[in-house]
A.B. asks: 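Before we start, here is the structure in question, set down as structure tokens.
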Amino acid sequence: MDKNIIETGKKIKNMEIRGAAKIGRETARAIKLFCENFSGSKKDFIKNLKENARFLVNTRPTAVSLSNSLRYIMRDMDTEMDLEDLRENLIKRSEKFIELSLSAIKKIGEIGANRIRDGDRIMTHCNSSCALSVIKTAFRKGKDFEVFARETRPRYQGLLTAEELCKEGIKTNLIVDSAARYFMADMDLVIIGADAVAANGAVVNKIGTSELALIAKEARVDVIVAAETYKFHPETIAGKLIEIEERDWREVISEEKKREIGDIKVRNPAFDVTPPEFIDLIVTEKGIISPQAAIMILKTEYGWDLDKKDFWEV
Ligand code: RUB
């Protein structure tokens with residue numbers, strides 16, 4: 001295993017590197033470094049590449065940006081090429097994925113910003129670079145609005161969001177997760193990111209998102225998801241369910257407190273699934289779609305070959 005890949009994998013697992021978009025880009029960066037630094041035969045190169053890819057894919061199973069980053073880099077890889085060409089090709093595609101991710105987030109910001117109007121009150125959850133791109137772009141275009149950030153237990157990514165918004169000069173309110181319904185009647189929009197979008201338009205995002213969308217639906221507040229096309233999950237076309245990562249209970253309660261309480265099971269799912277009925281639109285870098293059109297994105301990006309195995313699996 002490559003030292004740098006192990007390091008990146010560890011950082012993804014312990015969330016030093018977090019947020020689906022960044023996870024995808026850091027995966028690409030790690031593969032690029034692996035290709036640059038590898039010395040050995042072509043056979044070893046391919047064997048190592050597969051091993052390293054498999055290792056990365058298993059670090060955070062819900063974020064499809066990770067496997068889609070690898071799919072993008074290794075798509076149409078011609079193993080008949082000589083090692084130098086193969087390497088160069090993979091390096092170029094890794095760089096291209098990073099570029100593509102950054103420009104998609106910018107584009108989503110531009111497209112999504114049009115949906116924000118002066119005077120809006122917007123609620124968000126967790127810390128999504130895509131959702132923030134929409135909000136910040138609207139602000140930079142001179143729109144005047146206010147944001148309510150849920151703190152997002154147990155890791156408090158909402159604090160990062162609130163901090164980022166304040167730095168930008170945007171009017172920001174920080175609320176506890178359970179205060180969402182209390183404030184929802186005053187909201188105009190909910191804007192969130194995604195870790196994965198399924199073929200039926202269901203959106204997987206930070207735990208609590210589905211409850212937020214349900215509350216918004218009840219209050220007739222529109223829910224906008226900001227997601228690049230590499231967050232769409234190709235395997236869901238064939239009916240595969242998206243794996244929901246369950247993280248260590250120590251993120252929820254201290255060891256000391258747990259011991260004090262005694263026989264208690266602490267559960268810590270990191271994500272949940274919001275059904276398409278609770279989502280009004282998805283802003284992608286290719287344009288705005290209804291959740292029901294997710295299948296079209298998947299068809300365009302990944303085709304219909306349901307039997308196709310990923311390079312790292314064969
Ligand atoms: C982050 C999270 C974000 C999505 C989208 O979860 O749920 O909403 O990843 O983020 P975690 P982005 O903190 O567990 O990684 O738009 O930046 O890809």
A.B. asks: Do K3 and E7 meet the salt-bridge criterion of a basic N to acidic O distance under 4.0 Å?
C.D. replies: no
A.B. asks: If we check side-chain contact (heavy atoms from CB on, under 4.5 Å) with F311, which of these qualifies: L49, I73, D76?
C.D. replies: L49
A.B. asks: With a cut-off of 6.0 Å (strictly less than), are more than 12 heavy atoms of other residues, nucleotides or ligands near CE of M296?
C.D. replies: no
A.B. asks: Taking all heavy atoms of I170 and all of F139, pick out the closest pair and write down the distance.
C.D. replies: CG1-CG, 3.4 Å
A.B. asks: Examine distances only and state if a side-chain atom of D248 and a backbone atom of R250 form a donor-acceptor pair shorter than 3.5 Å.
C.D. replies: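 Looks like yes, one N/O pair under 3.5 Å.
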A.B. asks: Mind listing the closest non-hydrogen atom pair of A198 and I242 along with its distance?
C.D. replies: CB-CD1, 4.1 Å
A.B. asks: Looking at every non-hydrogen atom in both residues, tell me the closest pair between A149 and T161 and how far apart they are.
C.D. replies: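 Heavy atoms of A149 and T161 come nearest at CB-CG2, 4.3 Å.
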A.B. asks: Can you check whether G208's main-chain N or O pairs, donor with acceptor, with D272's side chain at less than 3.5 Å?
C.D. replies: yes
A.B. asks: In the single-linkage hydrophobic clustering (I, L, V, M, F, W, Y; side-chain heavy atoms under 4.5 Å), do V176 and Y182 co-cluster?
C.D. replies: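 They do not share one cluster, since no chain of ILVMFWY contacts under 4.5 Å joins V176 to Y182.
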A.B. asks: Does a side-chain N-to-carboxylate-O contact under 4.0 Å join E277 and K217?
C.D. replies: no
A.B. asks: Looking at E16, E243, E26, E245, which one forms a salt bridge (charged side-chain N to carboxylate O under 4.0 Å, His left out) with R60?
C.D. replies: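 Only one of E16, E243, E26, E245 forms a salt bridge (charged side-chain N to carboxylate O under 4.0 Å, His left out) with R60, namely E245.
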A.B. asks: Nearest heavy-atom pair of R150 and A180: which atoms, and what distance?
C.D. replies: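 Here R150 and A180 meet closest at NH1-CB, 3.2 Å.
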A.B. asks: For residues L90 and F38: do they belong to one hydrophobic cluster (side chain heavy atoms under 4.5 Å, members Ile, Leu, Val, Met, Phe, Trp, Tyr)?
C.D. replies: yes
A.B. asks: Within a reach of under 6.0 Å around CZ of R115, are more than 12 heavy atoms found that belong to other residues, nucleotides or ligands?
C.D. replies: no
A.B. asks: Taking only Lys NZ, Arg NE, NH1 and NH2, and the carboxylate oxygens of Asp or Glu, determine whether K167 and E164 approach each other closer than 4.0 Å.
C.D. replies: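 Salt bridge flag = no for E164 with K167.
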A.B. asks: Does a side-chain heavy-atom distance below 4.5 Å link I105 with R25?
C.D. replies: yes
A.B. asks: Would you say M187 and I279 are hydrophobically clustered, going by side-chain heavy atoms of ILVMFWY under 4.5 Å?
C.D. replies: yes
A.B. asks: Which pair of non-hydrogen atoms, one from A21 and one from S101, has the smallest distance, and what is that distance?
C.D. replies: O-OG, 4.3 Å
A.B. asks: Is it true that E51 and R54 make a salt bridge, defined as a side-chain N closer than 4.0 Å to a carboxylate O?
C.D. replies: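 Judged by the 4.0 Å cut-off on N to carboxylate O distance, E51 and R54 do not form a salt bridge.
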A.B. asks: List the residues meeting side chain to side chain contact (heavy atoms under 4.5 Å, CB included) with A226, not counting sequence neighbours, and say none if there are none.
C.D. replies: I108, C130, V134
A.B. asks: Crowded around K107 NZ? As in, over 12 foreign heavy atoms under 6.0 Å?
C.D. replies: no
A.B. asks: Applying the 4.5 Å side-chain criterion to the ILVMFWY set and letting contacts propagate, would I207 and M123 be lumped into a single cluster?
C.D. replies: no
A.B. asks: Using a strict threshold of under 4.0 Å (side-chain N to carboxylate O), is an ion pair present between K141 and E110?
C.D. replies: no
A.B. asks: Return the minimal non-hydrogen interatomic distance between G112 and V283, and the atom names on each side.
C.D. replies: N-CG1, 3.9 Å
A.B. asks: Would you please test F45 and F34 for ring pair (Phe, Tyr, Trp, His ring centres under 6.0 Å) and show each step?
C.D. replies: CA-CA 9 Å; F45 176 76; F34 162 75; 5.5 Å; yes
A.B. asks: In Å, rounded to the nearest 0.5 Å, how long is the span from CD1 of I297 to OH of Y230?
C.D. replies: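 I297 CD1 to Y230 OH: 13.5 Å, rounded to 0.5 Å.
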A.B. asks: State plainly whether the residues R259 and E256 are in salt-bridge range, i.e. N to O under 4.0 Å.
C.D. replies: no
A.B. asks: Following the transitive rule for hydrophobic clusters with a side-chain heavy-atom cut-off under 4.5 Å over Ile, Leu, Val, Met, Phe, Trp and Tyr, establish whether I282 and I288 coincide in one cluster.
C.D. replies: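 No, no single cluster joins them.
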A.B. asks: Does the distance from a Lys or Arg side-chain N to an Asp or Glu carboxylate O, for E301 and R71, drop under 4.0 Å?
C.D. replies: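 A salt bridge is absent here (no side-chain N lies under 4.0 Å from a carboxylate O).
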A.B. asks: Check for a donor-acceptor pair, side chain of T236 on one end and backbone N or O of A199 on the other, with a separation under 3.5 Å.
C.D. replies: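 Checked: pair present.
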A.B. asks: Between the side chain of D120 and the main-chain N/O of R117, is any donor-acceptor distance below 3.5 Å?
C.D. replies: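 A pair under 3.5 Å: yes.
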A.B. asks: State whether the number of non-hydrogen atoms from other residues, nucleotides or ligands found under 6.0 Å of R181 atom CZ is greater than 12.
C.D. replies: no
A.B. asks: Does CD belonging to E251 count more than 12 external heavy atoms closer than 6.0 Å?
C.D. replies: yes
A.B. asks: Run through N52, T8, I12, T59 and flag the one making a side-chain contact (heavy atoms from CB on, under 4.5 Å) with T27.
C.D. replies: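 Answer to the side-chain contact (heavy atoms from CB on, under 4.5 Å) test with T27 among N52, T8, I12, T59: I12.
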A.B. asks: Tell me the side-chain hydrogen bond (donor to acceptor under 3.5 Å, both in side chains) pairs involving residues 171-180, sequence neighbours left out?
C.D. replies: D144-K171, E146-N173
A.B. asks: Is the count of non-hydrogen atoms from other residues, nucleotides or ligands lying under 6.0 Å from K308 atom NZ greater than 12?
C.D. replies: no
